[in-house]
4 protein chains.
Amino acid sequence: MTDDRGARRRRANGEESRRKILDATVEVAGERGYEGTSIALVSKKCGLPASSIYWHFKDKDELIAAVIERSFDSWLSALTLPGEEHGQPVERVTEMSRQVAKSLLETPEFLRLGLMLTLERRPEEPSARTMFLQVRHIAAQRITAVIGDFLPDLDDDSVRLLATYAMAGADGLFIAKEIGGDSVDLLRLFELHAHVLFAAAAHLSAGAPPPPGLLSP
Amino acid sequence: MTDDRGARRRRANGEESRRKILDATVEVAGERGYEGTSIALVSKKCGLPASSIYWHFKDKDELIAAVIERSFDSWLSALTLPGEEHGQPVERVTEMSRQVAKSLLETPEFLRLGLMLTLERRPEEPSARTMFLQVRHIAAQRITAVIGDFLPDLDDDSVRLLATYAMAGADGLFIAKEIGGDSVDLLRLFELHAHVLFAAAAHLSAGAPPPPGLLSP
Amino acid sequence: MTDDRGARRRRANGEESRRKILDATVEVAGERGYEGTSIALVSKKCGLPASSIYWHFKDKDELIAAVIERSFDSWLSALTLPGEEHGQPVERVTEMSRQVAKSLLETPEFLRLGLMLTLERRPEEPSARTMFLQVRHIAAQRITAVIGDFLPDLDDDSVRLLATYAMAGADGLFIAKEIGGDSVDLLRLFELHAHVLFAAAAHLSAGAPPPPGLLSP
Amino acid sequence: MTDDRGARRRRANGEESRRKILDATVEVAGERGYEGTSIALVSKKCGLPASSIYWHFKDKDELIAAVIERSFDSWLSALTLPGEEHGQPVERVTEMSRQVAKSLLETPEFLRLGLMLTLERRPEEPSARTMFLQVRHIAAQRITAVIGDFLPDLDDDSVRLLATYAMAGADGLFIAKEIGGDSVDLLRLFELHAHVLFAAAAHLSAGAPPPPGLLSP
DNA sequence: AATGAATGAGGATTCATTCAT
DNA sequence: AATGAATGAATCCTCATTCAT
């Protein structure tokens, strides 16, 4: 049995190698961004020679795009959103926020790398960046759907605005956590964010000048 | 006279060269981040040879730190905050938000580069990153002061939480604008953000007073 | 029956694969020479994985040698030389020239690749080069034979010189065509070459100091 | 004095370095062609690190183009063509041929590399190839001029044909020498070539006047 | 008869930086 | 105050080839 393992080690195993490469790449790219990710470093981290990486991925760009894709998938699946059947809006949105906060605490590489790619404005858009914007678009659509569901009276424009604001808050809070470290209570901030979204919704549906103090108890 | 002029010229050129280098660097670094900024590219953009850049700046790290510093200064000076004497809280905060939104639209390189540096988690913290965190800390203190001023009843913890939330919103909205481009109405979003901050304040001050120490580790 | 067909199919595929590889290699090597021909490129062109190429050919050197060999064969067979029985020398040589010109127009890869290999002076003579020199030697012998046949009075040295000159002309004209493209009338040039060979023969048989002006009308 | 030399060695000397690089490159490229010429090999031959080569030349392509240009110049200047004032046509052309033969024996790298580039048909024409074709075009014009001078009665088409034939002969004989080595008497072959050109001229001017337009497509 | 996977060596080129002038 | 030239380390990527299946 143990002998077998030794043999297996020597045997080519594409699937596993691919996984090892991706694992190493998330780690490196999540720390250092697109340019900072060198094939040599990934190679060292995953134990495979650089040329083997090129067997599995056309080039660095495709490698990082693959990382984004996989990270998003695993991040999404880590997000066990509450069913739609129970609970009141406030509680459900709060629960969602909590889920997102937790997932960002557990797998921060996905968003960190994605935001780094987003902020880069290089001439030749790397496909990794495009990939992130795509998966982000998917997330945005989900949020829009949820908001439209919860607040059926809101016009489309306001729904979109609210969705943008919701995502922006998540991005910003994530960054705050990255900077502040342990001194930042991400869960509480996300709770606040959830609460506040209702205020925003009220503000938007009430139309211009929302009566101040409406939201305070 | 002519000698004097020649001398002045030469000295002036020194400063002009420095400026040209910094100008080129904001452009490049704002597009490509820390690693993506190469001395050769900066050299090509500013027309001066690479070795001249090293006459003005010790190394790449110091160059980018200088860029951050200068960008922050010019960003701050573009921020003509309203005096504290007039207006109601709501209006004043709204006006502040508008100012910030406008400044981010005008000089986005500062925050873009800063956030890129922030997200990078490289082993040897470049002083450019540290520089950004410092200037960001200054900004955070100002916001905290303003909030404490407006809402004197709020406990310190809540003020800090609110300040964090305020900055996070700004960061997130900036990113949303970077991604969405013209389809994102940054001014309106910042207005919403201002409103929302009051709701958050209300939530924090009225809601079950947060157990002290919850936020600090 | 069906089994048989399956078996035959499989065996036939072996040969077909070999052919596909050779086809791809002529194309690539005719364009880029020995060094410029990469197994990866050939693999992409023929659709078979690189390792399959190594099943059919020991290494790159042998692959290109095989290409040379096959190209020479097909070039030779495209060369329907006139029988020795009929016609006068002038006409027969002219016809030969025409044939050679036509064959070079139809399958230029053979000579192009061959000349590329010839001009390369690398330390370790690749067997591909040797192969070309061998087949070239065969061609040279044929020409020598033909010349000796036509001009029995010529001494061996002069025959060899003439043969060399004949081949050199063919090579040079081929190159001229490669450079000049459509603006070069290869057929007419080869006709001229044939004519001129007789003048050369006359010059050589007349012995040293050829009477100047003998050839002018 | 000797000390000075030691110091000079350490001192940067662009002109000399450039020359050393070019010298090394002719040697390598003349032997191995475009693809076979590696920057590492050139670096080793000239003693300068690879990165220094990139200070003097944008890339490999430009380096080899520069080699072609310089080689052609030095080849041309090695060609001490006889003055036009004295001698009979036959002798003058014979002398010219001898000069060309000698120059090709002395500096064969120029034509060898040039022909190698010529034969390559890669998609992205390297500028080195273009450069060779340009200098070759200059040479062709000179030959055309000389022929037109010597044989004023010849129509333009025939002059061009003859010039093409003359150059083709030179190319072919050069290749014959490359293949045959010492067994090939290049000087005698070039003498033969000179003679033959007169025969060709006679053939063209006396023979049925070529139908005009025959050569143009 | 074929191929997916692996691999070390080497390819061209760019990097940040230095140094003599 | 500036710069032409140099340099070693690193960059991404391709090379020819092998091997287990």
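Order of the sequence lines sets the chain letters (A, B, ...), proteins ahead of strands, with each chain counted from 1.
- With salt bridges taken as basic N to acidic carboxylate O contacts below 4.0 Å, none links Arg18(D) and Asp23(D).
- For Phe132(A) and Phe110(A), the ring centers are positioned less than 6.0 Å apart.
- Of the candidates dT14(E), dG4(F), dG11(E), the closest approach to any side-chain atom of Ala40(D) belongs to dG11(E).
- The existence of a salt bridge linking Glu120(A) and Arg32(B) is excluded, since no basic side-chain nitrogen approaches an acidic carboxylate oxygen closer than 4.0 Å.
- The separation between Phe57(B) atom CZ and dA16(E) atom C1' is 16 Å, rounded to whole Å.
- Within the cation-pi definition used here (under 6.0 Å to the ring centroid, within 45° of the axis), Lys60(A) qualifies as a partner of Tyr34(A).
- Contact annotation: Ser52(B) reaches the phosphate of dT3(F) (side-chain N/O to OP1 or OP2, under 4.0 Å).
- To the nearest angstrom, P of dA1(F) lies 9 Å from CD of Glu15(B).
- Per the geometry, CG belonging to Leu48(D) stands 16 Å off P belonging to dA12(E), to the nearest Å.
- Rounded to a whole Å, the CD atom of Glu16(C) is 14 Å from the C1' atom of dA2(E).
- Rounded to whole Å, the distance from CD1 on Ile53(C) to P on dA2(E) is 12 Å.
- Proximity of a side-chain donor or acceptor of Ser38(C) to a complementary backbone N or O of Leu41(C) within less than 3.5 Å is detected.
- Closest non-hydrogen pair, Ile21(C) versus Val42(C), comes out as O-CG1, 4.1 Å.
- In this structure, Trp55(D) places its CH2 atom 11 Å from P of dT3(F), rounding to the nearest Å.
- Taking atom CG of Asp61(D) as the reference point, atom P of dT13(E) lies 8 Å away to the nearest angstrom.
- Remark: side-chain polar atoms of Glu69(A) are not paired, donor with acceptor, to backbone N or O of Ala65(A) under 3.5 angstrom.
- For the helix from dA2(E)-dT21(F) to dT21(E)-dA2(F), the rotation axes defined at the first and last 5 base pairs enclose an angle of 10°, given to the nearest 10°.
- For the pair Gly47(A) and Tyr34(B), both in contact range of DNA chain E, the more 5′-proximal nearest nucleotide belongs to Gly47(A).
- In this structure, Gly33(A) and Leu113(A) approach most closely via the heavy-atom pair CA-CD1, 4.3 Å.
- Nearest-nucleotide positions on DNA chain E for Lys58(D) and Lys58(B) put Lys58(D) closer to the 5' end.
- Set against dA9(F), dT3(F), dT3(E), the side chain of Pro49(C) has dT3(E) as its closest nucleotide.
- The residue among Arg18(B) and Asp59(A) whose nearest nucleotide of DNA chain F is located toward the 5' end is Arg18(B).
- Both Ala50(B) and Lys60(A) lie close to DNA chain F; mapped to their nearest nucleotides by heavy-atom distance, the more 5′-ward contact belongs to Ala50(B).
- Using a 4.0 Å heavy-atom criterion, one finds that Thr37(D) contacts the sugar-phosphate atoms exclusively.
- The side chain of Ser51(D) approaches dG8(F) more closely than any other nucleotide in the set dG8(F), dT17(E), dT3(F).
- A sub-4.0 Å separation between OP1 or OP2 of dA2(F) and a side-chain N or O of His56(B) is present.
- Note on Ser17(C): a side-chain N or O is less than 4.0 Å away from OP1 or OP2 of dA2(E).
- Spacing between atom CD1 of Ile39(C) and atom P of dC13(F) amounts to 22 Å, rounded to whole angstrom units.
- Between the side chain of Ser38(D) and the base of dG11(E), no donor-acceptor pair of N or O atoms lies under 3.5 Å.
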